[in-house]
Amino acid sequence: MKAVDLPAVTHPLVTLRNLERSDAPAWYAYLADPVVVEHTSWNVRCAGDLRANFDDYASADPSSPIRLAVVLRDGGQLVGTIGFNAISPQHRTAEIAYDLAPAVWGQGVATAVVNTVVDWGFRRLGMLRIQATVLESNARSLRVLERCAFEREGYLRCYRQIRGRSGNFWLYARIAGTS
């Protein structure tokens, strides 16, 4: 994806760029933090576990996942990722996914990047529906989605395996033209 095609975040602390293979160690560094991973479905044991995702992100297939780097404006340090999984060009839908380092929690970064990427998904990618599945214990992410005009649609019991155990998730969605 060309830089000109990337969504522009107006948050003063961060910007977005393409995620690069060289980001894997920094990405893993905060995903290894128990406070970060506690309320997610991530199960990585080393930076190498993330590297397998990069082939999917580099694919030209329109249904391939898209993942962007959230980086500090000063210095370009990776502090998060955001993008779309489960992209369906046929149905014009996708699932948004994001993660942030604790260093930027509570500063409006998640809300800013989610709003920006969702709006970009509707406007630039032509999505009609963007949904999110959130582990029921992830109160921070649930608040972000609600601030970003996502509506709660359902409760998914035993939806995904979380480090060997079944996890329950909330399903949220935002439809193009709503905010």
Side-chain angles (χ1 to χ4, degrees), residues 1-9 14-24 26-28 31 37 39-45 47-71 78 80-100 110-135 138 141-142 144-145 148-163 166-179:
M1 191 174 319
K2 299 176 198 166
V4 72
D5 294 334
L6 295 178
V9 176
V14 298
T15 189
L16 298 173
R17 66 163 168 76
N18 286 312
L19 188 65
E20 302 165 355
R21 289 178 191 275
S22 61
D23 290 322
W27 194 10
Y28 174 73
L31 287 180
V37 79
H39 302 291
T40 73
S41 55
W42 282 108
N43 188 24
V44 292
R45 294 171 300 282
D49 289 349
L50 293 169
R51 288 195 173 98
N53 296 316
F54 288 91
D55 289 337
D56 289 338
Y57 302 148
S59 172
D61 184 327
S63 63
S64 293
I66 298 169
R67 201 72 171 206
L68 303 173
V70 180
V71 297
L78 181 84
T81 70
I82 187 166
F84 297 119
N85 299 324
I87 297 172
S88 173
Q90 176 186 3
H91 300 293
R92 297 172 55 193
T93 62
E95 179 179 358
I96 194 162
Y98 50 91
D99 48 68
L100 290 174
T111 300
V113 297
V114 168
N115 269 326
T116 298
V117 171
V118 167
D119 290 344
W120 175 73
F122 290 141
R123 189 183 69 261
R124 180 80 169 97
L125 304 179
M127 297 295 169
L128 297 175
R129 172 190 171 89
I130 297 175
Q131 67 183 37
T133 52
V134 182
L135 193 59
N138 194 339
S141 192
L142 295 172
V144 166
L145 293 171
C148 293
F150 277 72
E151 291 185 31
R152 186 179 283 190
E153 293 188 336
Y155 187 65
L156 307 171
R157 296 175 297 152
C158 297
Y159 183 64
R160 287 192 181 128
Q161 289 293 302
I162 311 300
R163 294 171 293 283
S166 291
N168 300 326
F169 284 70
W170 286 106
L171 174 65
Y172 278 73
R174 190 162 139 195
I175 307 302
T178 62
S179 58

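As a basis for the values below, the full set of heavy atoms in this structure was taken, side chains included, without hydrogen atoms, waters or symmetry mates. Predicted model, so just to flag it, every value in this text is computed and none were measured.
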Undergrad: Answer yes or no: is there a side-chain heavy-atom contact under 4.5 Å between I66 and L125?
TA: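 Counting from C-beta outward, I66 and L125 do come under 4.5 Å.
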Undergrad: Just verifying a value: how many Å separate D49 CG and L31 CG, rounded to the nearest 0.5 Å?
TA: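 It comes to 10.5 Å.
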Undergrad: If you take all heavy atoms of E95 and A132, which pair is closest and at what distance?
TA: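 Here E95 and A132 meet closest at CG-CA, 4.2 Å.
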Undergrad: Looking only at heavy atoms, what is the nearest atom pair of I162 and G167, with distance?
TA: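 For I162 and G167, the tightest heavy-atom pair comes out as CG1-CA, 3.9 Å.
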Undergrad: Mind listing the closest non-hydrogen atom pair of L128 and H91 along with its distance?
TA: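 Closest approach of L128 to H91: CD1-O, 4.5 Å.
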Undergrad: State plainly whether the residues R67 and D23 are in salt-bridge range, i.e. N to O under 4.0 Å.
TA: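 No, R67 and D23 are not salt-bridged.
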Undergrad: Kindly compute the distance separating CH2 (W170) from OG1 (T133), expressed to the nearest 0.5 Å.
TA: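 With rounding to 0.5 Å, CH2 (W170) is 13.5 Å from OG1 (T133).
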Undergrad: Of the non-hydrogen atoms in V118 and I130, which two are nearest, and what is the gap between them?
TA: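 Closest approach of V118 to I130: O-CD1, 3.7 Å.
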Undergrad: Closest heavy-atom contact between P65 and I87?
TA: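 P65 and I87 have their closest heavy atoms at CA-CD1, 4.2 Å.
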Undergrad: Within a strict 4.5 Å, meaning less than it, do heavy atoms of the R124 and L6 side chains meet?
TA: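 Result no, sub-4.5 Å side-chain heavy-atom pair not found.
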Undergrad: Evaluate L142 against Y172 for side-chain contact (heavy atoms from CB on, under 4.5 Å), listing each step before the verdict.
TA: CA-CA 9 Å; L142 295 172; Y172 278 73; 3.4 Å; yes
Undergrad: Are L78 and L19 packed together at the side-chain level, in the sense that at least one heavy-atom pair is separated by less than 4.5 angstrom?
TA: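 Yes - at least one pair of side-chain heavy atoms lies under 4.5 Å apart.
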Undergrad: Salt bridge (Lys or Arg N to Asp or Glu O under 4.0 Å) with R51: which residues, sequence neighbours excluded?
TA: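 Per chain and number, R51 pairs via salt bridge (Lys or Arg N to Asp or Glu O under 4.0 Å) with no residue.
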Undergrad: Taking R17 for the side chain and A69 for the main chain, is one N or O donor matched with an acceptor at less than 3.5 Å?
TA: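 Between the backbone of A69 and the side chain of R17 there is no qualifying donor-acceptor contact (under 3.5 Å).
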Undergrad: Can you tell me if D56 and S64 form a side-chain donor-acceptor pair at under 3.5 Å?
TA: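 No, because no side-chain N or O of D56 sits under 3.5 Å from a partner of the opposite role on S64.
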Undergrad: Could you give me the CA-CA distance, side-chain angles and deciding distance for V117 and L16, then say whether side-chain contact (heavy atoms from CB on, under 4.5 Å) is met?
TA: CA-CA 10 Å; V117 171; L16 298 173; 3.8 Å; yes
Undergrad: Taking the side chain as every heavy atom from C-beta outward, state whether L135 and T40 have any atom pair closer than 4.5 Å.
TA: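 They are not in contact (no side-chain heavy atoms under 4.5 Å apart), so the answer is no.
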Undergrad: Let's go through V37 and R163 carefully: what are the C-alpha distance in whole Å and the side-chain angles of both, what is the deciding distance for side-chain contact (heavy atoms from CB on, under 4.5 Å) to 0.1 Å, and is it a yes or a no?
TA: CA-CA 10 Å; V37 79; R163 294 171 293 283; 3.7 Å; yes
Undergrad: My understanding is that only residues two or more places apart in sequence, or in another chain, count here; which of them pass ring pair (Phe, Tyr, Trp, His ring centres under 6.0 Å) with Y159?
TA: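 Applying ring pair (Phe, Tyr, Trp, His ring centres under 6.0 Å) to Y159 gives F169.
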Undergrad: Tell me, do L68 and N18 make a side-chain contact under 4.5 Å, heavy atoms counted?
TA: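 With C-beta onward as the side chain, the pair touches.
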Undergrad: Counting distance only, does the side-chain N/O of N168 pair as donor-acceptor with the main-chain N or O of C158 below 3.5 Å?
TA: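 Side chain of N168 to backbone of C158: a pair is present.
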Undergrad: If we only count heavy atoms from C-beta on, is the V144 to Y98 side-chain gap below 4.5 Å?
TA: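 They are in side-chain contact.
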Undergrad: Please check if atom CD in E153 has more than 12 non-hydrogen atoms from other residues, nucleotides or ligands closer than 6.0 Å.
TA: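 Count over threshold, so yes.
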Undergrad: How long is the gap from CZ on F122 to OG1 on T178, to the nearest 0.5 Å?
TA: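 Reported to 0.5 Å precision, the distance equals 6.0 Å.
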Undergrad: Measuring from atom CG of L145 to atom CD of Q131, what distance do you get when rounded to the nearest 0.5 angstrom?
TA: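 With rounding to 0.5 Å, CG (L145) is 11.0 Å from CD (Q131).
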Undergrad: When rounded to the nearest 0.5 angstrom, what is the spacing between CG in D55 and CZ in R21?
TA: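 If I round to the nearest 0.5 Å, the distance is 4.5 Å.
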Undergrad: Should V44 and W27 count as side-chain neighbours, where that means a heavy-atom distance under 4.5 Å?
TA: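 In short, these two side chains do not touch, never coming nearer than 4.5 Å.
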Undergrad: Mind checking whether L50 and W42 have side chains closer than 4.5 Å, heavy atoms only?
TA: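 They are in contact (side-chain heavy atoms under 4.5 Å apart), so the answer is yes.
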Undergrad: Quick check: closest heavy atoms across C148 and N115, and the distance to 0.1 Å?
TA: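 Where C148 meets N115 most closely, the heavy atoms are CB-OD1, 3.4 Å.
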